[in-house]
Amino acid sequence: MKRIFSLFLIACLLVPALSGCHGARSLPEFVIPEAFDTSRTYEITFWAKNDTNVVQTGIYEQAMADFMDLYPNIKVTMRLYNDYGKIYNDVITNISTQTTPNVCITYPDHIATYLTGNKTVVPLDALFVDEQYGLGGSELLFDGPTMEEIIPQFLSECIVNGAHYAMPYMRSTEACYVNTDFVEALGYTLPDVLTWDFVWEVSEAAMEKDADGNFKLNGQKTLIPFIYKSTDNMMIQMLRQTGGGYSTADGEVQIFNNTTKELLYRIASHAKTGAFSTFKISSYPANFLNAGQCIFAVDSTAGATWMGCDAPLIDIDEDKLVKFETAVYPIPQFDPQNPTMISQGPSVCVFNKTDPQEVLASWLFAQYLLTNDVQIAYSQTEGYVPVTSKAQGSAEYADYLSRMGEDNELYYDVKIKASRLLLENVGNTFVTPVFDGSVKVRNAAGQMIENAAKAARRKQTVDDAYMENLFSEVTSLYRLDQISQSGGTNEKQDLGSLPSASVWLLTVLAAVWVLIGAYLLTEMRKKRKKFQKSH
Amino acid sequence: MKKILALVFAFVLCVSLVACGTANDPNKKSEGVMTWEEYNAADLEAAVVIEAYVQGNQAWWDDDDDGNGFITLYAQDPTGGYFIYELPCTKADADKMTAGTKIKVSGYKAAWAGEVEIIDATFEILEGTWVASVLDVTDLLGKDELVNHQNKKVAFKGMTVESVAYKNDQQGNDIYVTVSKDGASYNFCVESYLTDANTDVYKAVEALEAGDVIDVEGFLYWYEGVNTHITAVKDAQ
């Protein structure tokens, strides 16, 4: 009888354990504390990326030091990455162990995937408007921007699944860096707005060689007139400009369409002649441009310090550098009257933790990254623009822009021209929809250009059959057929505690299993006793 | 009878040795496989099939949750070197491709910033092992012939260190090492995917100072010019 009672006791203890397991890994929903507890100390981790630019590292370190002077009870440590992909992978790995960073420089596309973890990233809408600790809040120890002072276009890019899960940190777009000497040498005049037709035509005209096999234009064996760094962006922007489908906000993949085919045929035809190539196929556009081996180099405005023969950052031997004039244009357009270009750049998000005070400390640091000192200093490292009107409208930033060309370092003209390009075109920028899987769609868009260009270079037939096969391969490679059209992310819901009927069902099941086990044990013991007696 | 048996055994032994020798002859190529000279003469973007022996590899990285990933290999036969970039393979196969392993690779010849490589490739692991000896190419520095030894295991003797810097100023990243010889400077690199921060060579290079004179071993990689991936350093002999 005692034994049966014990078994029932075990079964009863199992019930709360079983029901408690349901959603046990979930972080609690972040609730803003009434006050920031300054009597405690906090250690927060900041994962960031720099653009192979050590000045940016210095700016992060200065920002951390200045912030810790203001908040001596918050210790910030930084982990620096070379590319966003690695940050993304590490965050994903750390979600399951709840060892994500506190603050992270990242992209909204990535955040959409982070949100598949339960309450992993803190929605910032309530924090934005908190009177004490929100943007421009009364209890802040620094002069941060108000919500109205964050450029609305940039802020709206941080909406995932209907809520702000990030704040913009820096913004850039792409630019076409042009060797104007070469364009003029070929007998062309640069138009006000570059068009794709113009770029293709000039690029093909440059392919003429002399009897020794050197290109007539530069007298060298190597010339790739048009090189595109990010083919993801190339396809995304071409589809946007032509009205071809890309994706919808709820995750419908639209990139496999007739417009895409037409674009790929055109791109492949120029890859076949050698007039066009990509970073993945050939190398950095800047290196070819600076060696006099490229006419049109498309790269981020955040890469402007590498562009042009007087660039502060050069990656080729000095004896390979060629002197030329560099013009900075928006990317080529299909409709010059309605220029369209992508808005890109890092954002900053705050990860959820079990301790709301720690999250609040993280939020304070994230906000500090939007102060004028950090914004202006960081934007000057590349052709970035600050994300707040507070910084953009400051006397310090106006002075910086006005001194374009004073030197080839801080005031390098190509870099400031690149920043101005975005400042003048904020209204012409767009972003792609963000959902769980949007990273894959982006990668797939670029992969189609890479594959078509390689196929053409390899003299393979690029026809309708090729296109159908390419669409199928890319769909499979990026598992695009597995993206759910769920209206955004596949965030796991916290299902709460089990219904009482389920709890009792589990209780009965557990009790039955325990009784079965007890019965079998008893039978085995009886048999053993019989066996011992018979020997 | 004993004599006859001894002769039979001796014959069998000879046959075995010959057979072994054939399997391990690093110069021998299977049907349809290019010699290094044929590979070298092939146009960029051409389909190529080579047989070579792995001499080093960059860290395998996984591409998905199914154990599929990529490995980048430095390979060689007695004539020339090969760089096989992001070869799709499982972790299990990657673990088999240790130094000396014979492989057959089918892919496309490409060039990235001057580095000639095989991309979009498939592979087979074959019987046979061979490890290349290090070739001293110090005298070829600054000469056009140096590129003919691209991707081989090479040595440069008596190089003076000019500067040592972490990529992005971060320990654990690649280390950029500028060395000079006879008044000319060269950019070498400790490629962290090949030799990470836990390796002896990484630690040894971290400790170098400007003015040190060293002997360097590595794979003759190219990035806008010679950019040896360092695998060993020691004080100049």
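Numbered from 1 within each chain, the chains take letters A, B, ... in sequence-line order.
- Summarising the geometry, atom NZ belonging to A:Lys454 is positioned 10.0 Å from atom OH belonging to B:Tyr108; distances are rounded to the nearest 0.5 Å.
- Atom OH of B:Tyr85 sits in a sparse spot, with 12 or fewer heavy atoms from other residues, nucleotides or ligands closer than 6.0 Å.
- Within 6.0 Å of NZ on A:Lys272 lie no more than 12 heavy atoms contributed by other residues, nucleotides or ligands.
- By the 6.0 Å contact criterion, NZ on B:Lys203 is enclosed, its count of non-hydrogen atoms from other residues, nucleotides or ligands being greater than 12.
- Heavy atoms of B:Asn173 lying under 4.5 Å from chain A belong exclusively to its side chain.
- A:Asp315 contributes atom CG, which lies 3.5 Å from atom OH of B:Tyr223 (distance to the nearest 0.5 angstrom).
- Within 6.0 Å of CG on B:Asp196 lie more than 12 heavy atoms contributed by other residues, nucleotides or ligands.
- Residues of residues 142-160 of chain B lying within less than 4.5 angstrom of chain A, judged on heavy atoms, are absent.
- Rounding to the nearest 0.5 Å gives a distance of 8.0 Å between CG of B:Asp62 and CG of A:Asn89.
- Residue A:Phe279 touches chain B through both its backbone and its side chain, counting heavy-atom pairs closer than 4.5 Å.
- Between B:Glu224 atom CD and A:Lys320 atom NZ the span is 5.5 Å, to the nearest 0.5 Å.
- The residues A:Arg458 and B:Asp120 are annotated as salt-bridged, a charged nitrogen and a carboxylate oxygen being separated by less than 4.0 angstrom.
- Looking at A:Gln293, neither its backbone nor its side chain comes within 4.5 Å of chain B, counting heavy atoms on both sides.
- Heavy-atom distances place the backbone of B:Ala111, and not its side chain, under 4.5 Å from chain A.
- The contact between A:Thr57 and chain B is made entirely by side chain atoms (from C-beta outward), counting heavy-atom distances below 4.5 Å.
- Legend: residues meeting side chain to side chain contact (heavy atoms under 4.5 Å, CB included) with A:Thr93, ordered by chain and number and at least two apart, are absent.
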